[in-house]
Amino acid sequence: MGHARARGPYAKTPARRAEIVRAARDSFAENGYAKASLRDIAERAGLTHAGLLHHFRNKEQLLAEVLAERDAEEWQQGLEQVARPDQLAPFLAELIHHHQKAPELIRLWIELAAAASRPDHPAHTYFVERHERGRTQFAEGFQPKAARGTLCEDVSPESAAVLFYAALNGLQMQWVLAPDLDIVDPLTDFVRLLFDQDHAGE
C-alpha cells in the first residue's frame, strides 16, 4: 500500500517556509518593515494570508527568520574568505559596506534585538541562541591564533569573541545614529589590536 502524499499547505513545508522568507526579505527591502504587510508577503510567496500564518505567527517572527538567513549566508562567506587574521579586516570592511547599502535592515536588527531581550518576545530564543552560537564559533576560530601567538597576549579566545561582537554591533549602532561616521577604520584598528600583525600572515 502506497504512502499518502502530503497536500495543501502542509506539503514541502521547509521549501515553502524558504519561499516565504525570501518574499519577506524582498518586501522589507522595498517597503521597509513598518509598511510591509503580511498580505503582500503572502502574495509574493503565492499563498493566502491564512496560508502564511500557518508557517509564521506574525511579522516579527518573519523578520527574525530573514535576519537568521542573512546571518547564515554571511557566516558561510566568512568561512570561505577568511583563512588568516590579516584577511578578517578587509572582509569585515566589505561586509559593513554591504550592510550600509540597506540601512533599514541594520535599524530593524537593532530594534528587534532590544525588543527580544524580553523572554516572552517571539524572537527572544533566536537572539539568545544567535549570540551564544556566534561567540562559540568565533572563540573556536580564535583558538588556533592564540596557540600560534597571533592573538594579542593575555586576551583569551573567549574574551576576544565577546569583544569582537561588541565592537561590530556597537559600531553599526553608532552609524545608524550618525550615517556620516566612518566605522570601517575604527573596526580595522580594533582587529589590529586583537592580533599581533607581525605574525598575522603566518
Side-chain angles (χ1 to χ4, degrees), residues 21-22 25-26 28-29 32-33 63-114 116-117 123 126-202:
V21 171
R22 283 194 296 270
R25 193 171 186 170
D26 292 343
F28 293 156
Y33 179 70
L63 177 58
E65 287 291 328
V66 167
L67 295 173
E69 182 181 80
R70 189 185 70 163
D71 285 345
E73 290 173 357
E74 292 177 353
W75 181 258
Q76 186 59 39
Q77 290 170 5
L79 291 177
E80 294 171 357
Q81 298 180 32
V82 180
R84 304 189 313 268
D86 63 312
Q87 295 174 323
L88 180 58
F91 171 74
L92 292 173
E94 181 181 343
L95 192 63
I96 286 175
H97 286 311
H98 178 70
H99 284 184
Q100 289 174 333
K101 292 177 183 178
E104 180 66 15
L105 207 55
I106 300 177
R107 191 173 298 109
L108 290 173
W109 191 94
I110 293 169
E111 293 173 355
L112 186 62
S117 64
Y126 158 70
F127 273 96
V128 170
E129 292 179 350
R130 176 192 186 275
H131 285 296
E132 289 180 351
R133 181 174 63 252
R135 287 191 297 267
T136 299
Q137 289 172 332
F138 273 108
E140 289 175 351
F142 291 155
Q143 283 284 358
K145 296 161 184 58
R148 291 201 307 267
T150 56
L151 186 64
C152 186
E153 188 177 0
D154 297 330
V155 176
S156 70
E158 292 75 20
S159 181
V162 173
L163 288 168
F164 179 81
Y165 254 114
L168 183 59
N169 294 337
L171 285 169
Q172 290 191 98
M173 180 182 292
Q174 289 187 57
W175 181 81
V176 167
L177 295 171
D180 292 333
L181 180 67
D182 171 26
I183 61 173
V184 172
D185 283 350
L187 186 60
T188 300
D189 289 340
F190 176 72
V191 172
R192 288 198 186 104
L193 289 172
L194 272 183
F195 298 110
D196 177 355
Q197 293 302 296
D198 290 337
H199 303 286
E202 292 183 0

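Atoms considered below: every heavy atom in the structure, side chains included; atoms not considered: hydrogens, waters and symmetry mates. All values derive from a computational prediction rather than experimental measurement. Quick note: residue numbers are just sequence positions, from 1.
Residues satisfying the side chain to side chain contact (heavy atoms under 4.5 Å, CB included) criterion with D180, sequence neighbours excluded, are absent altogether.
Note: L67 CG to L112 CG = 6.5 Å, rounded to the nearest 0.5 Å. Going from atom CD of E65 over to atom CZ of R22 covers 13.0 Å, rounded to the nearest 0.5 Å. Remark: T188 OG1 to D182 CG distance equals 8.5 Å, nearest 0.5 Å. Interatomic distance, CZ of R135 versus OG of S159, reported as 12.0 Å (0.5 Å rounding).
Dense packing is recorded around NE2 of H131, with more than 12 heavy atoms of other residues, nucleotides or ligands lying under 6.0 Å away.
Here the side chains of F164 and L88 are in contact, with some heavy-atom distance below 4.5 Å. Taking the side chain as every heavy atom from C-beta outward, Q100 and I183 approach each other to under 4.5 Å. The side-chain heavy atoms of R107 and Y33, taken from C-beta on, include no pair separated by under 4.5 Å. The shortest distance between side-chain heavy atoms of Y126 and D71 falls below 4.5 Å.
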Name the atoms and distances for all side-chain donor-acceptor pairs under 3.5 Å in residues 165-178, with sequence neighbours left out.
from, atom 1, to, atom 2, distance (Å)
N169, ND2, Y165, O, 3.4
Q172, OE1, H99, ND1, 2.9
W175, NE1, P179, O, 2.9

- Worked check of side-chain hydrogen bond (donor to acceptor under 3.5 Å, both in side chains) between Q76 and E80: CA-CA 6 Å; Q76 186 59 39; E80 294 171 357; 3.2 Å; yes
- Message: Please determine whether ring pair (Phe, Tyr, Trp, His ring centres under 6.0 Å) holds for the pair F127 and W109, giving the CA-CA distance in whole Å, both sets of side-chain angles, and the decisive distance to 0.1 Å.
- Response: CA-CA 10 Å; F127 273 96; W109 191 94; 5.5 Å; yes
